[in-house]
Amino acid sequence: MIRETIRRDIADVLKKLELDWSDNFSLELPSSAEHGDYSSNVALVHGKLNKRNPRDLAGEIAALLKKKRTYRKIEVAGPGFLNMTLSSRVYHRALEAMVTAKHAFGNSNSGQRQKILIEFISANPTGPLNIVSARAAAYGDTLYRIMRRAGYAPVREFYINDAGNQVDILAESIELRYRELHGEDIGEFPVEAYHGAYVAELAQQLNTVEGNKLLHIPERDRLEKMKEFALQQIHDMQIASLERFGVEFDNWVSEKALRAQGMVEEVLSFLAEAGCTYEMDDAVWFSSTKFGDEKDRVLMKTDGSFTYLVPDIAYHLSKLQRGFEILIDVLGPDHHGHVVKLMAAMRALKIEEKQLEVVFLQQVNLFLDGERVKMSKREGRIVTMNELIDDVGKDAARFFFIDRRPSTHLNFDLELARKKSSENPVYYCQYAHARIYSIQKKARREKISLKDFDTSELYRLKRSDEAALIKKMLEYPHILAGAAKYREPHRLTDYTKELAGMFHKYYQAVPIVNPKAPAMSKARLYMLNALKNLLANIFEVLGIDAPQKM
RNA sequence: GCGCCAGUAGCUCAGCCGGAUAGAGCAGCGGCCUUCUAAGCCGCAGGUCCGGGGUUCGAGUCCCUGCUGGCGUGCCA
């Protein structure tokens with residue numbers, strides 16, 4: 001709100017000065033208070049653009065801006081920075097507007113209703129969701145919530161790879177366990193099979209339903225039956241975990257269904273029409289080298305089946321056909337190679353490159369007692385999403401996953417996440433919310449109420465920490481919009497930590513509820529109520545609780 | 001070999017797509033509870049922003065180059 005006002009004012013001034021114009025100038029909160037409330041490099045940018053001396057230009061802009069009552073002081077500094085100090089009334093009015101906006105504070109239409117498909121997790125339906133999936137879940141879901149509020153039109157989607165090799169291996173793994181149950185000696189369990197305990201459990205469950213009946217039907221039918229059963233059970237398992245984590249999907253897309261619709265053959269003919277395929281060694285190849293890949297790729301194997309790439313191209317095509325303007329794929333670190341091929345295919349099909357955005361979430365390492373927790377998929381020793389939630393709770397897990405830039409490796413300290421103290425950033429932030437709640441309780445005891453509060457009383461908030469806190473709260477729309485635009489939810493946790501920190505300091509510095517000074521108490525309560533609502537609002541975006549008591 | 005990601009305080013990480021004197025949190029040291037929650041606050045200490053060039057008024061941020069670590073580089077998914 002304040003930022004928009006300042007930008008608009010500056011734009012008006014530039015128009016009056018009849019300059020070549022660009023909105024590519026900064027507006028930031030300076031680190032040092034001497035530089036005012038906001039500072040801008042607008043004169044530096046436009047000096048270059050219009051071949052003018054930036055300091056002179058800054059002076060002219062400042063002179064015109066000063067005519068508005070919004071600005072108490074404007075200084076030209078350094079090579080031509082504009083340092084602006086706003087009159088405190090501007091902040092108090094903005095605070096009032098923030099309270100009026102209630103839950104909608106921070107929302108914007110910066111996304112311009114752009115239709116965005118966020119595909120995340122898309123884990124193989126061959127086992128319980130693991131830690132990497134949990135990170136993807138937290139990231140994708142939070143990004144979705146952020147984008148909704150920033151005015152985009154996002155949709156959450158999970159792609160189920162329920163056709164192909166991996167699920168066949170799953171079925172075979174279950175079959176082995178099933179036969180084991182019936183006393184058969186299965187020998188050494190194959191290395192490539194799924195070793196997790198859940199496989200034996202699924203066989204057990206299947207046995208409860210079917211008994212030994214399956215032993216007496218043809219192998220093909222038996223495996224098919226086991227596959228169906230396992231896919232359904234695992235799907236339900238994954239949904240249940242996600243629900244505990246507060247994550248929902250709008251769509252689940254099945255690869256098998258996609259194949260049944262003939263989408264896959266269609267892709268092959270599209271590529272052939274584009275002249276990008278050829279036959280060699282009894283296989284069909286994609287000449288992806290023409291589109292930035294380092295070597296050509298097989299589309300149809302010698303046995304007549306498709307490689308993973310083909311249905312995946314089909315899937316992405318289907319997203320575009322459904323009218324999405326931007327496709328965001330949230331992938332694990334092991335998909336780099338795949339994306340190069342996918343991108344090549346997109347180029348071959350003349351799809352605009354920027355329509356497909358890939359966010360790579362890097363690996364997650366769990367630490368306990370300062371040591372890395374070793375995980376091995378092959379031996380079935382993986383930490384599941386459920387185990388993590390049992391251990392540290394949904395709130396800590398979500399917060400920790402979001403609190404890092406997506407592209408960095410994440411070292412997850414389990415002990416820290418378990419801690420219920422200020423060392424743990426989640427509690428630090430939630431505690432701020434609970435503390436304000438308890439201040440409000442005290443206010444009720446002292447019969448200090450905001451019912452007839454006159455906002456002109458806000459002039460009493462004169463302290464520098466009060467001004468800083470209000471300023472910080474008013475930054476929220478900008479933070480939210482930035483998090484959406486750059487697909488970086490961690491900006492929100494960073495901001496929340498700062499906000500909570502400022503509050504805890506303020507709390508320590510001044511008594512809020514003071515029966516001897518009711519007018520001052522009310523002004524402060526008004527501000528803190530706004531802060532409490534803002535915190536609750538952010539927590540909702542982050543998918544964590546806003547406790548009233550801790 | 002090639003591609004992607006990372007390299008910022010002892011540790012974990014920010015740094016608002018080029019701005020002013022590089023910031024937090026942990027860990028360390030020293031203080032603060034008769035009070036609205038000490039699940040908190042204050043102070044001290046801590047830096048070759050991996051190295052080297054370049055671009056410009058200005059570089060942790062952009063370009064080139066080298067080094068280190070992770071991942072990828074299947075007719076697996």
Side-chain angles (χ1 to χ4, degrees), chain A residues 24 26-32 34-35 39-41 44-45 47-48 54 77-81 83 124 126 161 163-167 169 192 255 281-285 292-295 297-303 305-309 311-312 332-340 358 360 362-363 367 370 403-413 416 419-425 427-428 430-432 434-443 445-446 475 478-479 482-483 485-486 488 490-491 493-495 497-498 501 503-509 511-514 521 528 549-550:
Chain A
N24 188 24
S26 70
L27 187 62
E28 54 186 275
L29 303 185
S31 46
S32 120
E34 298 158 34
H35 297 144
S39 82
S40 177
N41 67 355
L44 291 158
V45 171
K48 194 175 255 175
F81 287 107
N83 293 336
N124 277 335
T126 52
N161 299 123
N165 239 335
Q166 300 298 325
V167 286
I169 294 172
E192 67 277 7
E255 182 187 344
D281 302 336
D282 294 327
V284 179
W285 293 70
D293 200 354
E294 58 185 15
K295 65 185 233 196
R297 307 291 171 176
V298 170
L299 297 172
M300 191 188 272
K301 303 184 231 174
T302 43
D303 67 0
S305 66
F306 296 108
T307 58
Y308 175 70
L309 182 59
D312 205 43
D334 49 341
H335 283 72
H336 281 132
H338 174 65
V339 168
V340 175
V358 180
F360 287 107
Q362 296 297 319
Q363 178 186 336
F367 281 83
D403 197 27
R404 293 276 132 77
R405 230 161 62 238
S407 55
T408 56
H409 289 216
L410 194 156
N411 290 329
F412 194 115
D413 184 339
L416 182 63
K419 269 188 194 159
K420 302 196 188 255
S421 73
S422 63
E423 296 156 51
N424 183 342
Y427 284 86
Y428 186 76
Q430 289 181 318
Y431 183 42
R435 235 180 187 175
I436 297 173
Y437 193 84
S438 116
I439 291 170
Q440 291 176 330
K441 228 164 51 187
K442 159 128 184 196
R445 279 203 301 278
E446 301 287 353
E475 278 292 290
H478 180 242
I479 301 290
K485 183 176 176 191
Y486 297 105
E488 292 186 342
H490 77 276
R491 294 182 185 214
T493 51
D494 268 359
Y495 172 74
K497 285 186 282 187
E498 284 170 22
F503 163 71
H504 287 307
K505 271 180 200 150
Y506 178 64
Y507 169 90
Q508 212 74 28
I512 315 297
V513 179
N514 180 1
S521 297
L528 290 187
K549 224 175 92 180
M550 291 174 77

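Here is the naming used below: chain letters follow the sequence lines, and residue numbers restart at 1 for every chain.
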Phosphate-side-chain proximity, His490(A) and G15(B), N/O vs OP1/OP2 below 4.0 Å: yes
Whether His338(A) and His335(A) hold their rings parallel, tilted or perpendicular, with breakpoints at 30° and 60°: perpendicular
Side-chain N,O (Lys301(A)) to OP1/OP2 (G74(B)) below 4.0 Å: no
side-chain N/O Ser407(A) vs A6(B) OP1/OP2, d < 4.0 Å: yes
Gap in Å between the two C1' atoms, one belonging to A38(B) and one to C32(B), rounded: 9 Å
Atom C1', compared across A9(B) and C44(B): separation rounded to whole Å: 15 Å
Phosphate contact (C42(B) OP1 or OP2) by Lys505(A) side-chain N/O below 4.0 Å: yes
side-chain N/O Asn411(A) vs C13(B) OP1/OP2, d < 4.0 Å: yes
Lys295(A) side chain near G74(B) phosphate (N/O to OP1/OP2, under 4.0 Å): yes
Nearest-Å distance for atom pair CZ/P, residues Arg435(A) and U35(B): 14 Å
Donor-acceptor contact below 3.5 Å, side chain Ser521(A) vs main chain Asn514(A): yes
Interatomic distance, Asp413(A) CG vs A27(B) P [rounded to whole Å]: 11 Å
Distance test, side-chain N/O of Arg297(A) to OP1/OP2 of U73(B), below 4.0 Å: no
